[in-house]
Protein chains: 2
Amino acid sequence: MDNQQKDTEIKILDAAKEVFQQKGMTGARMQEIADKAGINKSLLHYYYRSKEKLFEKVFNMAVSIFIPKMLEIMLSEKPLFEKLEFFINNYIDLLTKHPYIPGFVINELNRNPQFLLNIFEKNVQIKEKKLFERVDVQIQEEVKKGILNPIDTRHLITNVIALVVFPMVARPIIQGVMFENDKKQYDSFLKERKAFVLSFVINSIKV
Amino acid sequence: MDNQQKDTEIKILDAAKEVFQQKGMTGARMQEIADKAGINKSLLHYYYRSKEKLFEKVFNMAVSIFIPKMLEIMLSEKPLFEKLEFFINNYIDLLTKHPYIPGFVINELNRNPQFLLNIFEKNVQIKEKKLFERVDVQIQEEVKKGILNPIDTRHLITNVIALVVFPMVARPIIQGVMFENDKKQYDSFLKERKAFVLSFVINSIKV
DNA sequence: GTCTATACACTGATAGAC
DNA sequence: GTCTATCAGTGTATAGAC
């Protein structure tokens, strides 16, 4: 693979990422991706045989941005409160850097619920089959030690992810209704959330 | 407008709702909507001049399902904790009855951020211009009275909505990863959340 | 109000020259 | 590896008969 080829491939993926994330699989047009990449439509089919294959590649790249960090945090040996702080800080940063991805993923989730699950299971479950169980054990131990109030692990995990991800997904409406559509204000709102969400969660579960 | 006409219109809207909510504006096909309604493609254009207009109608109907209840709750004179309980219970019920709508709305939000805002402002802001301010005043009063810890109203509202809505939007992945894709288990998980989310929020903000 | 037939544009994809 | 030309299929939308 020479440099020329690599350049073209990168240009294609960059363009495809942009168009797919903004318009979804069905809304995206191969012509627009080609234009944005500065190449011909046919070349897209030369590198990726079909729109579907190109989309899968982009979708995989998007999802895999978020998985390694999650694994690292969940599998670490820190106490729960530190894990929470790490997770919340890192994911709000990550989401700020890639704001389109959650909407992109949820969009696709509607169209094809099984697709993401396959990716997820390939990347996560195989590497660490008992990911959920490990977190559950840790939490229930900390409950026994009297650090935490009794709590259902599934609800807790759901809550933390919801608090972190939802404000990105629903940004247009929250920003519009509560911040008079002021982008800067909403950006600092998101920054504040690092501390706010952490204390919100900890307040709720600590003894 | 005779009964025949009304029947057809309802059949069209039902079919359109189903297809648009599942496939989004760009993924939906007029042919599929016509088939599902048991009519001809041309008749769709007779009732609604274009796909875009039909979509707007369906989208408006979807959003307006959630607005009256929200207004009723937020404008009532109950103390905050009761408002929270009402909101959480009613919205989890409403979302269970209309599970596709949040994903549908968020999907469209990505495609056209301004569209939902216009609907929202027409329905909400005009009826009650200072909706947010009223809730804010109530919360800050209860803080002064010593019922609540000091808290930012915007973060609190965002959190409550996130905790209620996100598990519906991300259902396929949460159900897949944490519930082995068991639909029934996830349904009871959602029911549990009424009590869980309420105490999670109140624990976090009460003095 | 409902149908058939059809216009017209555009889409993803391929063939073939260089 | 990259382009031009082109295809077959499908999309929305309209015209016109009944």
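A note on names: the letters A, B, ... follow the listed sequences, proteins ahead of strands, and every chain is numbered from 1.
- Spacing between atom CG of N40(A) and atom P of dT6(D) amounts to 14 Å, rounded to whole angstrom units.
- At the heavy-atom level, A34(B) lies nowhere under 4.0 Å from the strands shown.
- By the 4.0 Å N-to-carboxylate-O rule, K194(B) lies close enough to D93(B) to be salt-bridged with it.
- A salt bridge between E85(B) and K78(B) is absent, with no side-chain N of the basic residue lying under 4.0 Å from a carboxylate O of the acidic one.
- Proximity of R29(A) to the phosphate of dG12(C): a side-chain N or O atom is located under 4.0 Å from OP1 or OP2.
- Distances were taken from every side-chain heavy atom of I39(A) (C-beta onward) to each of dA13(C), dC3(D), dT11(C); the shortest belongs to dC3(D).
- An OP1 or OP2 oxygen of dA13(D) is reached within less than 4.0 angstrom by a side-chain nitrogen or oxygen of H45(B).
- A close approach under 4.0 Å does occur between a side-chain nitrogen or oxygen of Y47(B) and OP1 or OP2 of dT2(C).
- Between K41(B) and G38(B), the residue whose closest nucleotide on DNA chain C is further toward the 5' end is G38(B).
- Atom CG in D35(A) sits about 13 Å away from atom P in dC10(C), given to the nearest Å.
- When the nucleotides dT2(C), dG12(C), dG1(D) are ranked by their closest atom to the side chain of Y46(B), dT2(C) comes out on top.
- Across dA13(C), dA13(D), dC3(D), the shortest atom-to-atom separation from the side chain of L43(A) is found for dC3(D).
- Listed pair T8(A) / dT2(D) meets the phosphate criterion, a side-chain N or O lying under 4.0 Å from OP1 or OP2.
- Residues N107(B) and I106(A) have side chains not in contact (no heavy-atom distance under 4.5 Å, counting atoms from C-beta outward).
- A donor N or O paired with an acceptor N or O is found under 3.5 Å between the base of dT4(C) and the side-chain atoms of S42(B).
- The side chain to side chain donor-acceptor pair (under 3.5 Å) with D187(A) is formed by just one residue from the set K183(A), K184(A), K191(A); it is K183(A).
- Going from atom CG of L44(A) over to atom P of dG1(D) covers 14 Å, rounded to whole Å.
- Distance from the side chain of M30(A) is smallest to dA13(C) among dA13(C), dC3(C), dA5(D).
- By the 4.0 Å N-to-carboxylate-O rule, E56(B) lies too far from K53(B) to be salt-bridged with it.
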